[in-house]
Amino acid sequence: MNKLLALVSVIISCLFWSISFSVSKILLNEYSPFELSFIRFFLAFIFSAILFYPKIRKTPLHWKYQKPLFIAGMLGVTLYFVFENSGLKYTDASEGALIVGSFPALGLIVEFLTSKEKIPMNRLWGVIFSIIGVLLIIGDSGINLKFNNLFGDILVLLSGLMWVIYNCEIKKVNHLYSHEVITTFQMLWGTLLFIPFLIFTGIHIKINLPIFSSLFYLSFFCSVLGYLLYNYGLKHLSVSQVVNLLNLIPLFGAIWGVIYLKETLSFLKIIGGISIISGVSLSSKK
């Protein structure tokens, strides 16, 4: 029963995150990438601080304790979403979602470069398939002279680099903190670190029902609830099972982009997406 509930939890979190590309793309018509990131994670911090208050109220605030949380917020929130939201400003939501599917393979490349252990052949082939998929998606934009899309694709890939570095850093210290503390304080630091970017754009609060509901969805469902469901699943499922389920994000993300934003996927992008998903599935097998 626990495994079934865990499976459903991870699938729901993947659905939340896959829809976020289309929601963010719509909100980027109203806000700059920096404004959207700041508002999203400011609200997420408020929600998580209220929900997790009993578990975080005695959290030490001295620098030695907070430094790893600061780094987590800088990499996993600020820099990640500066690149991702800036990328989505230029490229299609469906295209960005497909590229995000290559991030686990990007992590394997870093592991290969930093580890002395021999990488299994299936993981190596998985990385190769994922790289081919990304090149097909980016190459399609170049061939069709969609230079805005090409620039956006590169920015989304850079967000992947931040994701990989974030995971490497958080692995070193995640045994020292509870999930509630990591979630709340990385959102706090990440939100504060967006402020210097706002010097260049300012911040404009626009309130109407569609905008508010979209911001609430990103901050609560994607940033708070999605994280909780994902980590519940991680407690009861193997890492390989969870990674395989994460393949649903680019798949559903591309579908939402086509349905809600009326985006189109060329033959090359479809083949590229299949190659990425196949690569990550292959590399996650033991």
Side-chain angles (χ1 to χ4, degrees), residues 11-37 39-40 80-103 130 132-160 201 204 206-223 225-226 245-278 280:
I11 291 173
I12 292 173
S13 67
C14 288
L15 282 170
F16 287 157
W17 292 334
S18 66
I19 297 171
S20 72
F21 294 96
S22 295
V23 174
S24 295
K25 183 72 177 176
I26 293 170
L27 285 172
L28 286 167
N29 293 321
E30 306 292 337
Y31 297 106
S32 73
F34 309 137
E35 288 177 299
L36 176 57
S37 300
I39 295 170
R40 170 180 175 172
Y80 178 88
F81 280 97
V82 161
F83 285 121
E84 184 182 279
N85 283 342
S86 297
L88 288 175
K89 185 78 174 177
Y90 296 98
T91 195
D92 297 336
S94 54
E95 200 165 319
L98 290 175
I99 291 175
V100 166
S102 69
F103 289 1
S130 294
I132 290 172
V134 170
L135 290 176
L136 285 173
I137 293 170
I138 293 177
D140 180 74
S141 295
I143 291 169
N144 292 299
L145 302 179
K146 296 181 179 179
F147 296 117
N148 275 353
N149 285 52
L150 184 60
F151 179 60
D153 292 343
I154 292 170
L155 290 175
V156 174
L157 270 177
L158 286 173
S159 75
T201 63
H204 309 87
K206 301 174 183 179
I207 299 177
N208 59 47
L209 187 58
I211 289 176
F212 177 80
S213 58
S214 296
L215 287 170
F216 179 79
Y217 175 80
L218 288 178
S219 58
F220 183 76
F221 287 97
C222 295
S223 300
L225 190 56
L245 289 171
L246 289 177
N247 291 335
L248 295 172
I249 296 176
L251 178 64
F252 289 141
I255 292 171
W256 291 122
V258 170
I259 293 174
Y260 289 110
L261 302 181
K262 309 301 180 186
E263 296 176 348
T264 56
L265 287 174
S266 68
F267 178 74
L268 270 183
K269 288 177 183 174
I270 292 172
I271 296 300
I274 292 172
S275 184
I276 288 172
I277 293 169
S278 300
V280 174

S.K.: Can you tell me which residue pairs pass the salt bridge (charged side-chain N to carboxylate O under 4.0 Å, His left out) test with a partner in residues 21-30, sequence neighbours excluded?
M.R.: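 Qualifying pairs, neighbours excluded: E30-K206.
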S.K.: If you look at every heavy atom in T201 and S32, which pair is closest and at what distance?
M.R.: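 Looks like OG1-OG, 3.7 Å.
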S.K.: Using every non-hydrogen atom in the two residues, find where G226 and S13 come nearest and quote the distance to one decimal.
M.R.: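 What the structure gives for the nearest pair is O-CB, 3.4 Å.
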S.K.: Output the distance between atom CD1 (I132) and atom CD1 (I271), rounded to the nearest 0.5 Å.
M.R.: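 I132 CD1 to I271 CD1: 12.0 Å, rounded to 0.5 Å.
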S.K.: Enter the distance from N29:CG to S24:OG here, rounded to the nearest 0.5 Å.
M.R.: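 One gets 11.5 Å once the value is rounded to the nearest 0.5 Å.
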S.K.: May I ask you to decide if L215's main-chain N or O and S219's side chain share a donor-acceptor pair within less than 3.5 Å?
M.R.: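 Judged by distance alone, yes, a pair lies under 3.5 Å.
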S.K.: Is the backbone of W17 close enough, under 3.5 Å, to the side chain of S20 for a donor and an acceptor to pair up by distance?
M.R.: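 Checked: pair present.
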S.K.: Can you find a heavy atom in the side chain of L225 that is under 4.5 Å from one in the side chain of F220?
M.R.: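 Yes - at least one pair of side-chain heavy atoms lies under 4.5 Å apart.
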S.K.: Any heavy-atom pair between the side chains of S159 and F81 that's under 4.5 Å?
M.R.: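 The answer is no, as the side chains (C-beta and beyond) never meet within the 4.5 Å cut-off.
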S.K.: Please check if atom OH in Y217 has more than 12 non-hydrogen atoms from other residues, nucleotides or ligands closer than 6.0 Å.
M.R.: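 Yes, the 6.0 Å shell around OH holds more than 12 heavy atoms from other groups.
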S.K.: Looking only at non-hydrogen atoms, find the nearest pair between L88 and G96 and report the distance.
M.R.: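 For L88 versus G96, the nearest heavy atoms are CD2-CA, 4.4 Å.
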S.K.: For Y90, I'd like to know if atom OH has over 12 heavy atoms of other residues, nucleotides or ligands within 6.0 Å.
M.R.: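 Atom OH in Y90 is not packed in, count stays at 12 or less.
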S.K.: Nearest 0.5 Å please: distance from the CG atom of L36 over to the CD1 atom of I26.
M.R.: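 That separation rounds to 11.5 Å.
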S.K.: Do the non-hydrogen side-chain atoms of S37 and V82 ever get within less than 4.5 Å of each other?
M.R.: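 Heavy-atom side-chain distance check fails, nothing below 4.5 Å.
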S.K.: For residues A97 and A254, report the shortest heavy-atom separation together with the two atoms involved.
M.R.: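 Smallest heavy-atom distance, with atoms named: CB-N, 3.9 Å.
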S.K.: So, taking the atom named CZ in F216 and the one named SG in C222, what distance separates them when rounded to the nearest 0.5 Å?
M.R.: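 Going from CZ on F216 over to SG on C222, the span is 11.0 Å.
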S.K.: State the CG-CZ distance between N85 and F34, to the nearest 0.5 angstrom.
M.R.: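 So the gap between those two atoms works out to 9.5 Å.
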S.K.: Could you tell me which non-hydrogen atom of W256 sits nearest to which non-hydrogen atom of L15, and how far apart they are?
M.R.: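 The pair with the smallest heavy-atom distance is NE1-O, 4.5 Å.
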S.K.: How long is the gap from CD1 on I39 to CG on L27, to the nearest 0.5 Å?
M.R.: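 Answer for the CD1-CG pair, I39 versus L27, is 9.0 Å.
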S.K.: So, for S18 and F252, which heavy atoms are closest and what is the spacing to 0.1 Å?
M.R.: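 Residues S18 and F252, closest heavy atoms: OG-CB, 3.3 Å.
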S.K.: Please determine whether side chain to side chain contact (heavy atoms under 4.5 Å, CB included) holds for the pair I211 and I207, giving the CA-CA distance in whole Å, both sets of side-chain angles, and the decisive distance to 0.1 Å.
M.R.: CA-CA 6 Å; I211 289 176; I207 299 177; over 6 Å; no
